[in-house]
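Here's the structure, in structure tokens; my notes come after.
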Amino acid sequence: MTTTHTTEATANTDTPITRSTVVQAIRSGLRQRSTLTWSVRAGRGTVANWITIIAPPARLGPSCAMTPQDCTALATLLGLDYVHPQGVMIEPGHANWREYMMRAKGRN
């Protein structure tokens, strides 16, 4: 039997979540709140459970770095003081994932 998780269900700390659910929730939250497109992707290999939020490749400059404007826009969307030009790296762990799902929705 397949269980689907709703966005509200994933905010509940008792509900198990998967990495793909988190990626989809963050992407959806940012899409609803921003006119810009953001790349939200899961890591591979040794960083498999890390999640990265960054501008899409077409907006990246040299060294795969975001522009200062994109850094500011992403920081504002996520309620952060600063975003590194190489994006936001979200550590593995349900608490971290839930925090950023809420930040993407504007609930910091």
Side-chain angles (χ1 to χ4, degrees):
M1 177 163 83
T2 303
T3 304
T4 57
H5 299 284
T6 64
T7 306
E8 291 305 316
T10 56
N12 180 343
T13 57
D14 297 330
T15 305
I17 56 176
T18 64
R19 183 181 66 169
S20 62
T21 301
V22 175
V23 168
Q24 290 170 0
I26 292 172
R27 189 178 292 135
S28 174
L30 292 174
R31 187 178 300 130
Q32 290 173 4
R33 299 180 53 238
S34 178
T35 58
L36 297 172
T37 302
W38 298 99
S39 175
V40 183
R41 34 179 208 227
R44 297 181 188 169
T46 58
V47 293
N49 287 320
W50 287 72
I51 296 171
T52 304
I53 307 171
I54 193 166
R59 289 205 322 265
L60 296 179
S63 303
C64 296
M66 289 193 296
T67 65
Q69 295 82 2
D70 276 342
C71 291
T72 301
L74 186 55
T76 301
L77 284 167
L78 296 175
L80 301 172
D81 294 332
Y82 171 79
V83 166
H84 191 275
Q86 291 185 334
V88 174
M89 294 284 293
I90 305 168
E91 292 182 61
H94 290 184
N96 296 326
W97 290 351
R98 283 187 179 89
E99 174 188 346
Y100 277 88
M101 286 190 307
M102 299 308 284
R103 285 180 176 277
K105 291 182 199 176
R107 300 178 191 162
N108 342 359

Quiz item: Are any non-hydrogen side-chain atoms of L77 and L36 less than 4.5 angstrom apart?
Solution: no
Quiz item: Would you say Y100 and I51 make side-chain contact, with heavy atoms under 4.5 Å?
Solution: no
Exercise. Using ring pair (Phe, Tyr, Trp, His ring centres under 6.0 Å) as the criterion, list what pairs up with W38, not counting sequence neighbours.
Key: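 In terms of ring pair (Phe, Tyr, Trp, His ring centres under 6.0 Å), with neighbours along the sequence ignored, W38 is linked to no residue.
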Practice problem: Verify the cluster assignment for V22 and L80: are they in a single hydrophobic cluster under the rule of side-chain heavy atoms below 4.5 Å apart? | Solution: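 Per the 4.5 Å side-chain linkage, V22 and L80 are co-clustered.
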Quiz prompt | Hydrophobic cluster identity match, W50 and V88, side-chain contacts under 4.5 Å | solution = no
Practice problem: Any chance you could lay out the side-chain contact (heavy atoms from CB on, under 4.5 Å) test for I26 and I90, step after step, and finish with the verdict? | Solution: CA-CA 11 Å; I26 292 172; I90 305 168; 3.8 Å; yes
Quiz item: Can you name the nearest heavy-atom pair linking A42 to A48, along with the distance?
Solution: CB-O, 4.4 Å
Self-check item: Closest non-hydrogen atom pair between T52 and M89, with its separation
Solution: OG1-SD, 3.0 Å
Quiz prompt | Results of salt bridge (charged side-chain N to carboxylate O under 4.0 Å, His left out) for R59 - residues two or more places apart only | solution = D70
Quiz prompt | From E99, R103, R33, M102, residue fulfilling side chain to side chain contact (heavy atoms under 4.5 Å, CB included) relative to L78 | solution = R103
What is the distance from atom [atom1] of [X] to atom [atom2] of [Y], rounded to the nearest 0.5 Å?
{"X": "R41", "Y": "R27", "atom1": "CZ", "atom2": "CZ", "value": "10.0 Å"}
{"X": "L30", "Y": "L74", "atom1": "CG", "atom2": "CG", "value": "6.5 Å"}
{"X": "H84", "Y": "I54", "atom1": "NE2", "atom2": "CD1", "value": "10.0 Å"}

